[in-house]
There are 2 protein chains.
Amino acid sequence: MSGPLTERRQTILKLVIQEFVDTATPVASETLVRKYRLPVSSATVRNDMAALEELGFLTHPHTSGGRIPTDAGYRFFVENLMERSSLSPAEQRMIRHQFYQVRGELDQWIQLACAVLARTAHNASVATAPRAEQLRFKSLELIAIHETMALAVIVFHGGIIKQQTLPIEPGRTAEDLRRAAGLVSDLLADSTLSRVEELAAVATFNGMPLSEFERGLVDLVARAMMAFEEQTQEQIYSDGLLEMLSQPEFLPASGRDDAERAIERMRRTLEILRSGRGLGPLIPQALASGGVQVIIGGEHVEDAMRDYSVILARYGVEGAIAGVLGIIGPTRMAYPRSISTVRYIASLMSNLLAELYNLNARPSEVDVDDENAQRV
Amino acid sequence: MSGPLTERRQTILKLVIQEFVDTATPVASETLVRKYRLPVSSATVRNDMAALEELGFLTHPHTSGGRIPTDAGYRFFVENLMERSSLSPAEQRMIRHQFYQVRGELDQWIQLACAVLARTAHNASVATAPRAEQLRFKSLELIAIHETMALAVIVFHGGIIKQQTLPIEPGRTAEDLRRAAGLVSDLLADSTLSRVEELAAVATFNGMPLSEFERGLVDLVARAMMAFEEQTQEQIYSDGLLEMLSQPEFLPASGRDDAERAIERMRRTLEILRSGRGLGPLIPQALASGGVQVIIGGEHVEDAMRDYSVILARYGVEGAIAGVLGIIGPTRMAYPRSISTVRYIASLMSNLLAELYNLNARPSEVDVDDENAQRV
DNA sequence: GTTAGCACTCGTGAGGCTAGAGTGCTAAGA
DNA sequence: TCTTAGCACTCTAGCCTCACGAGTGCTAAC
């Protein structure tokens with residue numbers, strides 16, 4: 001009885017989604033005909049809508065009141081109906097300019113990426129710091145703070161640094177510290193955590209046993225690496241919470257019943273962004289796959305995420321360092337624009353990292369012309 | 001007609017506040033008598049309440065329904081009625097333990113302080129990073145990332161570090177970089193930003209003119225210092241948003257009218273914490289004064305803050321480095337507990353910093369036994 | 001100065017009602 | 001077979017009313 005998914009029905013689905021994304025209110029047949037000057041009557045549209053509903057692409061909050069898309073509807077839209085868009089040249093220029101202003105300031109990049117994502121897509125953004133598959137030690141510097149305290153700056157491959165203070169014996173000179181740091185730097189050069197631990201166990205360098213102090217430094221590095229892995233494991237940067245909460249989904253549409261639910265939704269959303277629960281499982285997935293990932297509402301494993309869509313892309317330099325960034329918002333979101341935004345920022349970040357790493361490396365898999373991106 | 005502020009009336013004010021803080025609902029005369037077994041009748045309490053209302057300490061949302069404290073009521077409570085409390089030894093131990101676990105990891109301290117504050121006081125916490133009155137250069141390290149890119153790690157007094165990448169000419173050896181970094185480190189040692197700029201203008205070291213590369217490094221340091229000042233100027237760490245938003249103030253008490261207002265409040269609160277507007281002016285004030293600052297509701301300059309109370313304390317090492325940390329929440333908050341929490345965390349952070357700086361320095365002005373703290 | 005008693009006020013929540021929006025269906029037309 | 005006009009039906013939002021109950025303010029007695 002549902003009938004085939006004719007061309008016109010696809011158009012109607014597309015228009016319903018477009019309209020619903022714009023207005024956030026259920027879409028009526030009449031509205032569609034009027035607004036888009038359809039060459040058919042509202043009754044025909046109603047029939048098609050009913051068919052789309054039977055196909056599972058639309059639904060009906062109440063008998064009266066228009067249609068809204070289902071998750072399956074969005075999914076079909078994203079995969080088949082959506083026109084690929086990109087940010088306007090003016091927007092691209094503005095974004096590039098902002099990144100240009102923090103060139104060199106590695107530690108600002110993620111925050112900026114989050115800020116730009118959020119403001120451009122009008123939803124919350126998330127990102128993980130770029131991570132090497134394997135944290136690799138690069139060098140150690142020791143700077144005396146006063147007679148009994150020094151600051152250790154541990155540099156890892158990829159411009160990642162970690163600071164750590166350590167107590168020292170009063171007697172040590174700056175030259176002492178420099179020598180010890182240099183020796184440990186040479187000993188541990190390019191080591192992964194497990195290699196550092198091996199070397200700590202052996203505790204010799206070129207056959208010479210390490211001094212007490214040097215052994216302490218090696219341990220310090222090992223501990224720092226462990227702490228670092230732990231910290232970055234789950235740390236998710238985020239921005240644009242306010243941006244997302246300004247979406248009509250978080251306004252009480254009517255009745256105090258709904259109001260309480262709106263607040264509850266708000267609180268749960270905060271919880272999601274703060275804890276990263278619900279996002280956690282998606283990260284490795286996004287890291288593994290290329291292209292842009294779109295997860296819509298009920299497709300999430302986590303129940304708490306059922307009302308949200310997430311758009312994620314991997315960024316980084318193939319084989320060297322990678323992170324994930326993206327957008328989270330209500331399922332009703334401007335998918336074409338959001339997807340292009342995520343794609344653009346990911347490629348920008350990839351380029352920045354590529355430059356940092358090695359000018360010759362291919363930026364990454366998420367490129368503006370990558371057909372994978374369209375895939376999802 | 002209002003009559004004097006007798007002992008009993010003060011007790012009643014105190015009980016009303018206590019009860020209101022607990023229950024978040026207006027306090028009725030009858031409730032007070034029953035719950036605290038007052039040796040007088042509810043009528044007497046009502047009379048006293050009326051007097052307290054005329055004195056400006058209590059108010060009346062509606063004719064029926066109990067009393068709630070005014071800002072002035074809270075102020076009087078905080079200054080005269082409140083018993084000084086401190087955190088339980090068990091809590092103190094737990095908190096100290098958490099700080100112990102990140103000892104050495106300077107960059108984690110503020111975040112931890114915020115987290116602990118929020119969880120202990122059940123409200124949002126804010127903190128600024130510890131800042132030297134004058135940012136002073138300590139040393140520069142250069143680490144080659146690859147042939148044309150290096151990472152500069154700039155260390156300032158007080159364990160503050162800033163990283164920055166810079167492009168280099170392909171020819172430079174690691175030894176080159178080390179030498180140049182060492183020279184610039186010596187040249188700029190202990191300089192403030194203005195001094196660095198002076199030295200950049202002169203561009204000589206011990207009478208010898210600096211090389212192109214070395215001049216570039218000096219400029220880099222100057223730019224990094226400027227960037228740093230700018231970034232930390234307004235940056236306010238925060239945590240416990242969710243904690244605060246779980247307070248009944250952010251629930252719609254009744255009617256959909258109130259629901260909308262609740263959401264609006266929520267949104268405005270987010271805005272405050274994100275932008276730091278409303279908090280901004282309080283920071284220098286808190287930095288300047290010792291002790292614990294309590295600003296209650298309408299006492300705020302900023303209109304947007306009229307519904308919130310803020311408790312701030314300075315932390316740091318006298319004459320060397322200082323920051324501010326505290327709590328923000330609805331005016332209805334557990335002042336005694338919140339104040340002791342803020343005081344405790346501030347003194348803890350001060351001790352940590354003192355240790356980092358110099359074991360002999362006096363921690364700071366906010367000590368557990370400091371009578372200043374009670375002052376406000 | 002304190003208390004019992006009581007009238008009065010007002011917010012809350014339930015219930016009922018109306019208007020309006022939008023659908024589903026039916027029967028006629030292309 | 002597809003499209004369309006017409007119309008009954010459904011459901012929600014918004015409004016009004018009403019009754020209940022909590023808590024006060026006042027008065028008069030102690």
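We name chains A, B, ... by the order of the sequence lines, and we start the count at 1 in each one.
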Participant: Measure the distance from CG on A:Asp48 to C1' on D:dT3 and round it to the nearest whole Å.
Facilitator: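 Rounded to the whole Å, the gap is 10 Å.
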Participant: Which residue pairs satisfy the salt bridge (charged side-chain N to carboxylate O under 4.0 Å, His left out) criterion with at least one member in residues 36-45 of chain B, sequence neighbours excluded?
Facilitator: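 Pairs touching residues 36-45 of chain B that pass the test: none.
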Participant: Taking CZ from A:Arg9 and C1' from D:dC2, how many angstroms apart are they, rounded to a whole number?
Facilitator: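 Roughly 10 Å, once rounded to whole Å.
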Participant: Quick one, which residues of residues 16-32 of chain A touch DNA chain C with a heavy atom under 4.0 Å?
Facilitator: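 Listed by number, they are A:Val27, A:Ala28, A:Ser29.
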Participant: Mind checking what makes ring-ring contact (aromatic ring centres under 6.0 Å, His included) contact with A:Phe20, not counting sequence neighbours?
Facilitator: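 If we apply the ring-ring contact (aromatic ring centres under 6.0 Å, His included) test to A:Phe20, skipping adjacent residues, there are no hits.
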Participant: Mind calculating the distance between CD (A:Glu7) and C1' (D:dC2) to the nearest angstrom?
Facilitator: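 The answer, rounded to whole Å, is 17 Å.
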Participant: Return the value, rounded to whole Å, for the distance between atom CG of A:Leu52 and atom C1' of C:dG24.
Facilitator: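 These atoms are roughly 16 Å apart.
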Participant: Please list, chain by chain and in numerical order, all residues satisfying side chain to side chain contact (heavy atoms under 4.5 Å, CB included) with A:Thr59, sequence neighbours excluded.
Facilitator: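 Side chain to side chain contact (heavy atoms under 4.5 Å, CB included) check on A:Thr59 returns A:Ile68, A:Thr70.
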Participant: Not counting sequence neighbours, list each pair that qualifies as a ring-ring contact (aromatic ring centres under 6.0 Å, His included) and has a residue in residues 34-75 of chain A.
Facilitator: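 Only A:Phe57-A:Phe76, A:Tyr74-A:Tyr335 qualify under ring-ring contact (aromatic ring centres under 6.0 Å, His included).
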Participant: Using whole Å, report how far CZ of B:Arg46 lies from P of C:dG1.
Facilitator: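 That distance rounds to 18 Å.
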Participant: Kindly write out the residues that satisfy side chain to side chain contact (heavy atoms under 4.5 Å, CB included) with A:Thr23, not counting sequence neighbours, or none if the list is empty.
Facilitator: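 Counting only residues at least two positions away or on another chain, A:Thr23 forms a side chain to side chain contact (heavy atoms under 4.5 Å, CB included) with A:Glu19, A:Thr25, A:Lys35.
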Participant: Using atom CG of B:Asn47 as one end and atom P of D:dA29 as the other, report the distance to the nearest whole Å.
Facilitator: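 Taking atom P of D:dA29 as the reference, CG of B:Asn47 is at 17 Å.
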Participant: With a 4.0 Å cut-off on N to O distance, would you call A:Lys14 and A:Glu83 a salt bridge?
Facilitator: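 Salt bridge flag = yes for A:Glu83 with A:Lys14.
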Participant: In whole angstrom, what separates A:Ile12's CD1 from D:dC2's P?
Facilitator: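 Computing the A:Ile12:CD1 to D:dC2:P distance gives 14 Å.
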Participant: With B:Arg8, which residues qualify under salt bridge (charged side-chain N to carboxylate O under 4.0 Å, His left out), at least two apart?
Facilitator: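 Salt bridge (charged side-chain N to carboxylate O under 4.0 Å, His left out) list for B:Arg8, sorted by chain: B:Asp48.
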Participant: Checking A:Ser41 now: which residues fulfil side chain to side chain contact (heavy atoms under 4.5 Å, CB included) with it, not counting sequence neighbours?
Facilitator: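 Applying side chain to side chain contact (heavy atoms under 4.5 Å, CB included) to A:Ser41 gives A:Ala43, A:Thr44.
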Participant: Going by number, which of residues 61-73 of chain B have a non-hydrogen atom under 4.0 Å from DNA chain D?
Facilitator: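 Hits under 4.0 Å, by residue number: B:Thr63, B:Ser64, B:Gly65, B:Gly66, B:Arg67.
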Participant: Can you list everything that forms a side chain to side chain contact (heavy atoms under 4.5 Å, CB included) with B:Glu302? Sequence neighbours excluded, please.
Facilitator: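 B:Glu302 satisfies side chain to side chain contact (heavy atoms under 4.5 Å, CB included) with B:Arg277, B:Ala304, B:Met305 once adjacent residues are dropped.
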Participant: Assess the side chains of A:Thr341 and A:Thr120: does a donor N or O sit below 3.5 Å from an acceptor N or O?
Facilitator: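 The criterion, which ignores hydrogens and geometry beyond distance, is not satisfied for A:Thr120 and A:Thr341.
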Participant: Using the test ring-ring contact (aromatic ring centres under 6.0 Å, His included), find all partners of A:Tyr308 that sit at least two apart in sequence or belong to another chain.
Facilitator: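 Scan of A:Tyr308 (ring-ring contact (aromatic ring centres under 6.0 Å, His included), adjacent residues dropped) gives none.
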Participant: Does anything in residues 33-42 of chain A reach DNA chain C, meaning a heavy atom under 4.0 Å, and if so which residues?
Facilitator: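 Here the set is empty: none.
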Participant: What integer distance in Å separates A:Met49:CE from C:dC25:P?
Facilitator: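 One finds 15 Å between P of C:dC25 and CE of A:Met49, rounded.
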